[in-house]
Structure formats: C-alpha cells, structure tokens
Number of protein chains: 2
Amino acid sequence: MSSSSSLLSQTEALLETEGHRITATRRGVLKAIAAADSPLTIEEISDRVPDIGRATVFRTVKLLQELGVICRVTLENGGIRYVLSTSSHHHHLICNECGSVTEFSSPQLDQAIHEEAEAAGFELSNHTVELYGKCKHC
Amino acid sequence: MSSSSSLLSQTEALLETEGHRITATRRGVLKAIAAADSPLTIEEISDRVPDIGRATVFRTVKLLQELGVICRVTLENGGIRYVLSTSSHHHHLICNECGSVTEFSSPQLDQAIHEEAEAAGFELSNHTVELYGKCKHC
DNA sequence: CTATATGCAAACCATTTGCAAGAGA
DNA sequence: TCTCTTGCAAATGGTTTGCATATAG
C-alpha cells in the first residue's frame, strides 16, 4: 500500500535533509517498527533484524526518534517501547492487558492543555498524554 | 506546618495498612522528597540521605510509588524523577530550563480524556499528562 | 521473639563507546 | 575518495539481589 512506502520515502527525504545517509540498516529498523501492530522494546526490534548489531539498533532508534519518525511510549510500569508516529501530533491509549497502543488526537484536549499552560504562564514546547486501561478487545 | 506532618502520618497509616513497617529510613526518604522544590533523581535523593544505602533508596522509592505517595515523572529527554503526589489526581508542567515541576488539575482536561476513552471503547484505569516547556520564571 | 528492613558488595543488564572495517554519495 | 555508518567487544552505569545483621512490632 502507499502509506507504508510513503513513510519510507518521507523518512529518506528527512534523513537526507538532516545530513544523514540512507542505509539498508535504517530502512530495516524502520520497517520492523512499522510492521509491528504494537510498540516494541529495543530487544523486540533487535529480534526482528537479527543481522543488525544491537548497538546499531540503539543508534538507529535514537536517530529515528530525533527525526520524529517514531516516538517513545512509556508504559505504566515504566517500560519503554517505540511506535511509529503516524500523525504529527497525537496521544496514546495504552492497553495494560494486550499492550496494544492506539493513537488519537483531540482538539478539545489540546485546547484544554493550552489554556492550562497559559493560565500558569508556561510557554509550551511539547506535551504528552498517555491513557492506560483496557482496550475494547480485552 | 500541618500539611507536611499530615503527609507523614498519612503515609505511616498507609504503610501499616499494607503490612509494612514504619522505619526511620522510610520517613527520611519521604522527607527528602517532600522537602525538594522539584522532582529528584534517585541519585539526588540518595545524596540527601547519605546514611541510607543506595539499594535501600531504590527499594523505598519503589515502595512509596506503589503506595501512591510519590509519583514518577518522565522528562522529555527520558530522565526519571520522583515527586510527591500532593493531590490524588493531577498533571505536570515540566520546565526544560530549570527542571521545576508544577502540578495542576483540570476538570476540563479530564473530561476530554474520558470522552476520548469512551469513544474508543477504552476502559480507563489511569492517565498521565505531561506538559513540557519554559516556566514563567525562565 | 520473629519477621521485616537494611547495608554492603557482588551480580546483572541494558545502553554506550572506541576503534577498525564497510558502505553511501 | 572521503566521510558517515556499522559491528564487535569492552566499558559503563544504573538497578537488583543475596546474605548477614539490625530493628520494628
């Protein structure tokens, strides 16, 4: 389908813009994350690209994160996982049972956040919202 | 003032209820966190209670977290810090400059969150909202 | 008195780093 | 060709664990 290939080419363009090289390794790691239906730990990513060294997986994940292609998800128990950022701005619904993560965006929510920040004299640069619970399948 | 002493006695009651002992160590760690005006890393907590072994600081922080007396704050760069949970439900304004953390609560925000969860058929157990930026003092 | 909590040091484990070889542009 | 990237292995550093001792109840 076109969405995944556009993700790849978007990322390649981004890499180029930022002065990084387009390599099979980077494509591989990105594809592994994109193919998963839930956020992966570093170890899980590593398992999906056995030919790539662990150190490189760490380096690549950090790079993709800096580029905003993937984002870090903190689970309720503190565990760290990575998912594709499908939309530029969104929040997460994280299921404690099956570990699935659903993205959503809510202008209403964001408005409340901006109002709150303004009321506190806070200059907002970013924000995260994570909802934990049980998804409709569990 | 009475608020800090009530925190202490509340915590002691909680410890007792959950079958844990009230010790000078636990009081010390709690006081150290309570006295700080911004969230502390494990190391910073440890520095403030030099007589308590690092391993015990880890154990105590984990315990206080389980009891809901303190909560973990994830910084934008991934760093982990701990603050007192002064109110049962709140969110955080985290300053990237000075590291200060301000708590706030917003019924409006929480309502938007609940609506969003409901719309997704999600059974909410918990949620976190972290706003990153620059506080009014910076 | 008995079970829990603590300190210390060793063990663990995820992540980072240095360096030489490999690969993109 | 020249620089960026990767793999490997070693170093690192934060966190956990085992066990003997101390202490709350």
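In the text below, chain A, chain B and the rest are named by the order of the sequence lines, each starting its count at 1. Just so it is clear, the model here is predicted, and its values are computed rather than measured.
- Residues from residues 54-66 of chain A lying near DNA chain D, meaning a heavy-atom separation below 4.0 Å, are Ala55(A), Thr56(A), Arg59(A) in numerical order.
- A side chain to side chain contact (heavy atoms under 4.5 Å, CB included) with Val129(A) holds for exactly one of Leu131(B), Leu109(B), Ile113(B); it is Ile113(B).
- Few gaps surround CD on Glu115(A); more than 12 heavy atoms of other groups in view lie less than 6.0 Å from it.
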Could you list all N or O pairs between the protein and nucleotides 21-25 of chain D that sit under 3.5 Å apart?
from    : atom 1 : to       : atom 2 : distance (Å)
dA24(D) : O3'    : Ile22(B) : O      : 3.4
dA24(D) : N3     : Arg21(B) : NH1    : 3.1
dG25(D) : OP1    : Ile22(B) : N      : 3.3

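- Taking the six-membered ring where tryptophan is involved, the planes of His114(B) and His127(B) are perpendicular, since the angle between them exceeds 60° and thus also 30°.
- Ile94(B) and Ile80(B) are members of different hydrophobic clusters when ILVMFWY side chains are connected at heavy-atom separations under 4.5 Å.
- For Glu43(A) and dA14(C), the CD to P distance is 6 Å, given to the nearest whole Å.
- The pair Arg81(A)-Glu44(A) counts as a salt bridge, with a side-chain nitrogen and a carboxylate oxygen less than 4.0 angstrom apart.
- Atom P of nucleotide dA14(C) and atom CG of Asp47(A) are separated by 11 Å, given to the nearest angstrom.
- A salt bridge links Glu12(A) to Arg27(A): at least one charged side-chain nitrogen sits closer than 4.0 Å to a carboxylate oxygen.
- No chain of hydrophobic side-chain contacts below 4.5 Å, direct or via other Ile, Leu, Val, Met, Phe, Trp or Tyr residues, connects Leu124(A) to Leu75(B).
- Residue Lys62(B) holds its NZ atom at 12.0 Å from CD1 of Ile70(B), rounded to the nearest 0.5 Å.
- The closest side-chain heavy-atom distance from Val61(A) to Arg72(A) is not below 4.5 Å.
- The CD atom of Glu44(B) sits 12 Å away from the P atom of dG14(D) (whole-angstrom rounding).
- One can place CZ of Arg26(A) at 15 Å from P of dA23(C), the figure rounded to the nearest angstrom.
- Comparing the end axes of the helix from dC1(C)-dG25(D) to dA25(C)-dT1(D), each fitted to five base pairs by superposing C1' atoms of four pairs onto the next four, gives an inter-axis angle of 50° (nearest 10 degrees).
- One atom, CD of Glu18(B), and another, C1' of dA5(C), lie 17 Å apart when rounded to the nearest Å.
- The cluster map of Ile, Leu, Val, Met, Phe, Trp and Tyr, joined by side-chain heavy atoms under 4.5 Å apart, puts Ile45(B) and Val83(B) in different clusters.
- Linking Ile, Leu, Val, Met, Phe, Trp and Tyr residues whenever their side-chain heavy atoms come within less than 4.5 Å leaves Val73(A) and Tyr82(A) in two separate clusters.
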